[in-house]
Amino acid sequence: MRKHYTKAQRAELIDLVTSGQTTTRRAAARLGVAESTAYYWLKRARGSLALAARRTGSQCSVAKARPTFARLISAAEMCPPIMLRAGGAVIEVRPGFDHALLRDVVTALVERTS
């Protein structure tokens, strides 16, 4: 017997995958949708986006679509933290830290152990 899905399921699946939040396989499993159906919905959604771009004469609509094959990672996410040991404490320093605050904390830790 053929299973019928709601428009809400279709919209949620397409949004989850195109926004890069999850893979097609995981989104389909999460929403209880057959994997083949999920891929079909995505194919149709991409086709609709390309058709709308051709109708408006805009190429940028298609170019602005997020890739669905890989999640984009910012440089801040790629940089591993630096582990700093001062005065018996371990401080994890991540990109974007406050330099002045770190200096004050290290100074206080070193003075405390002296």
Side-chain angles (χ1 to χ4, degrees):
M1 188 167 158
R2 190 172 189 181
K3 187 169 181 180
H4 294 280
Y5 302 102
T6 65
K7 288 182 181 182
Q9 284 175 301
R10 181 181 307 157
E12 185 175 1
L13 184 135
I14 291 169
D15 183 53
L16 284 170
V17 176
T18 57
S19 68
Q21 295 179 38
T22 188
T23 64
T24 304
R25 176 175 285 178
R26 288 184 180 150
R30 178 174 153 186
L31 297 171
V33 174
E35 196 173 328
S36 60
T37 301
Y39 281 106
Y40 176 72
W41 288 350
L42 287 164
K43 182 179 175 182
R44 283 187 51 201
R46 288 186 189 111
S48 297
L49 181 63
L51 181 61
R54 279 197 303 269
R55 284 184 184 157
T56 61
S58 168
Q59 292 297 324
C60 59
S61 297
V62 175
K64 287 182 184 176
R66 288 185 162 192
T68 57
F69 58 89
R71 185 174 74 86
L72 297 177
I73 299 173
S74 69
E77 291 177 294
M78 291 293 294
C79 295
I82 297 170
M83 303 307 283
L84 176 66
R85 298 178 196 281
V90 178
I91 303 170
E92 187 175 294
V93 181
R94 295 185 175 272
F97 68 95
D98 183 342
H99 299 47
L101 177 61
L102 178 62
R103 184 183 59 243
D104 293 343
V105 169
V106 170
T107 301
L109 288 170
V110 171
E111 287 175 356
R112 189 182 80 186
T113 59
S114 300

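The figures that follow rest on heavy atoms only: side chains count, while hydrogens, waters and symmetry mates do not. A quick note: this is a predicted structure, and the numbers were derived from the prediction, not measured.
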| request: Could you tell me which non-hydrogen atom of Ala89 sits nearest to which non-hydrogen atom of Leu109, and how far apart they are? | output: CB-CD1, 3.8 Å
| query | Counting distance only, does the side-chain N/O of Gln9 pair as donor-acceptor with the main-chain N or O of Leu31 below 3.5 Å? | reply | yes
| note | In terms of heavy-atom contacts, Ala38 and Val33 come closest through N-CG1, 4.1 Å
| query | Going only through I, L, V, M, F, W and Y residues with side-chain contacts under 4.5 Å, is there a path from Val106 to Ile82? | reply | yes
| Is there a path from Tyr40 to Ile14 through hydrophobic residues (I, L, V, M, F, W, Y) whose side chains come within less than 4.5 Å of each other? | yes
| Separation between CG of Asp15 and OG1 of Thr22, rounded to the nearest 0.5 Å | 11.5 Å
| message | Just so I know, are the side chains of Leu102 and Leu84 near enough to count as touching, which here means a heavy-atom distance under 4.5 Å? | response | yes
| remark: When every non-hydrogen atom of Gly32 is compared with those of Lys3, the smallest separation belongs to O-NZ, 3.3 Å
| When clusters are formed by joining ILVMFWY residues with side-chain heavy atoms under 4.5 Å apart, either directly or through shared neighbours, do Ile91 and Leu101 land in the same one? | yes
| message | Nearest 0.5 Å, please: how far is OG1 in Thr24 from NZ in Lys43? | response | 13.5 Å
| Nearest heavy-atom neighbours spanning Ala100 and Asp98 | N-OD1, 3.1 Å
| task | Report yes if the side chains of Arg30 and Leu16 come closer than 4.5 Å at any heavy-atom pair, otherwise no. | result | yes
